[in-house]
There are 2 protein chains.
Amino acid sequence: MKPARPDHVFRALADPTRRAIFEELTRQGEQTVHALTHYAGISQPAVSKHLTVLKRAKLVHPRRLGRETHYRAQPDALAPMVDWLNLYGAFWRDRFDRLEALLERMEP
Amino acid sequence: MKPARPDHVFRALADPTRRAIFEELTRQGEQTVHALTHYAGISQPAVSKHLTVLKRAKLVHPRRLGRETHYRAQPDALAPMVDWLNLYGAFWRDRFDRLEALLERMEP
DNA sequence: CCAATCAATAACCAAACGGTTATGGTTTCA
DNA sequence: TGAAACCATAACCGTTTGGTTATTGATTGG
């Protein structure tokens with residue numbers, strides 16, 4: 001799956017409630033909107049809107065089951081953020097690049 | 001230096017102009033507010049406000065030289081974001097953890 | 001010394017944001 | 001079959017945000 005634009009990913013994760021929802025989905029696995037609403041402690045429409053933003057960033061994926069929608073986290077959608085850190089997080093980049101090169105030599 | 005709160009880092013990097021400023025500082029090194037203003041193509045006060053947000057996240061550090069202030073990027077302030085990705089970016093985490101472990105065995 | 005330069009702050013504004021309540025469309029099941 | 005459950009969308013609202021111009025304080029250089 002083609003990743004979303006970096007801007008959408010950064011934007012989506014800027015809000016603490018949205019991060020919390022994403023975290024909850026990665027920890028506990030797939031959840032209905034109902035469950036997430038209970039977890040987040042805000043209204044159901046508010047949760048739906050957050051999920052829309054996360055969907056735009058491809059960080060979550062919906063699965064319709066009858067009248068309920070189950071959402072799951074899509075961790076590989078974080079790739080644009082990881083790539084950005086790779087480019088501009090100099091200190092950490094060096095480590096990672098060296099390791100990446102290493103890995104490639106070891107597991108062709 | 002103790003890192004800033006994750007929320008400040010995520011917030012600061014959510015804005016594309018702020019990311020661009022940070023990128024420019026990591027690429028070209030230390031810059032005056034004047035130079036950054038020219039680069040960003042917005043007003044000087046706007047740049048100053050962006051720099052304030054980046055400062056709060058400890059992503060940039062100012063150095064007063066006479067009447068000009070030179071800012072430099074502080075890439076290790078990205079640590080809170082990297083840590084978060086380590087916790088919740090499952091797919092990528094595996095890669096990184098494997099690599100990290102490797103490095104440790106190789107460079108004690 | 002004094003005019004100009006640099007950067008931060010203040011005051012202001014439109015747009016975006018994060019929340020709410022109200023509504024509507026499906027789907028379930030008693 | 002009809003009421004209730006689930007979720008998305010609409011309409012609305014106060015606050016935050018990203019920008020502007022105006023101002024001020026400090027520093028420099030002719």
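Proteins come first, then strands; the chains are lettered A, B, ... in the order of their sequence lines, and each starts at number 1.
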Participant: Any side-chain heavy atom of A:Thr32 sitting closer than 4.5 Å to one from A:Leu36?
Facilitator: no
Participant: What is the distance, rounded to the nearest whole Å, between atom CZ of B:Arg63 and atom C1' of D:dT27?
Facilitator: 16 Å
Participant: Any side-chain N or O of B:Tyr71 under 4.0 Å from OP1/OP2 of C:dA8?
Facilitator: yes
Participant: Ignoring hydrogens and angles, tell me if any N or O in the side chain of A:Lys58 forms a donor-acceptor pair with the backbone of A:His8 under 3.5 Å.
Facilitator: no
Participant: Answer whether the closest heavy-atom distance between the side chains of A:Pro62 and A:Lys55 falls below 4.5 Å.
Facilitator: yes
Participant: For DNA chain D, determine which residues of residues 4-19 of chain B have any heavy atom closer than 4.0 angstrom to one of its atoms, and list them numerically.
Facilitator: B:Arg11, B:Asp15, B:Thr17, B:Arg18
Participant: May I ask you to test the A:Gln31-A:Tyr71 pair for a side-chain heavy-atom distance under 4.5 Å?
Facilitator: no
Participant: From CG of B:Leu51 over to P of D:dT17, roughly how many Å is that when rounded to an integer?
Facilitator: 17 Å
Participant: Sequence neighbours left out, what passes side-chain hydrogen bond (donor to acceptor under 3.5 Å, both in side chains) with A:Asp7? Give chain and number order.
Facilitator: B:Arg19
Participant: Collect all protein-nucleotide pairs involving nucleotides 21-26 of chain C in which both atoms are nitrogen or oxygen and the distance is under 3.5 Å.
Facilitator:
none

Participant: Rounded to whole Å, please give me the gap between CD1 in B:Ile21 and C1' in C:dA7.
Facilitator: 14 Å
Participant: Do A:Leu78 and A:Leu13 have side chains that approach each other closer than 4.5 Å (heavy atoms only, starting at C-beta)?
Facilitator: yes
Participant: With sequence neighbours excluded, what pairs up with A:Glu23 under the side-chain hydrogen bond (donor to acceptor under 3.5 Å, both in side chains) test?
Facilitator: B:Trp84
Participant: Do B:Ile42 and B:Ile21 sit in one hydrophobic cluster, given that two such residues count as connected whenever their side-chain heavy atoms are within less than 4.5 Å of each other, even indirectly?
Facilitator: yes
Participant: Rounded off to whole Å, could you give me the CG-to-C1' distance for the B:Leu65 and C:dA7 pair?
Facilitator: 13 Å
Participant: What nucleic acid atoms does B:Thr69 come within less than 4.0 Å of, heavy atoms only: base, sugar-phosphate, or nothing?
Facilitator: sugar-phosphate
Participant: List for me each residue that meets side-chain hydrogen bond (donor to acceptor under 3.5 Å, both in side chains) alongside B:His50, sequence neighbours excluded, and say none if there are none.
Facilitator: B:Arg18
Participant: Are B:Phe10 and A:Met81 close enough that some pair of their side-chain heavy atoms sits under 4.5 Å apart?
Facilitator: yes
Participant: Taking only side-chain nitrogens and oxygens of A:His50, does any of them come within less than 4.0 Å of OP1 or OP2 of C:dG19?
Facilitator: yes
Participant: Tell me the interatomic distance from B:Ile42, atom CD1, to C:dA7, atom C1', rounded to whole angstroms.
Facilitator: 14 Å
Participant: On DNA chain C, compare the nucleotides closest to A:Glu68 and A:Lys49; which residue's is nearer the 5' end?
Facilitator: A:Lys49
Participant: Determine whether more than 12 heavy atoms belonging to other residues, nucleotides or ligands lie under 6.0 Å from atom NE2 of A:His34.
Facilitator: no
Participant: Using a cut-off of strictly less than 4.0 Å between a heavy atom of the residue and any atom of DNA chain C, enumerate the qualifying residues of residues 28-41 of chain B by number.
Facilitator: B:Thr32, B:Val33, B:His34
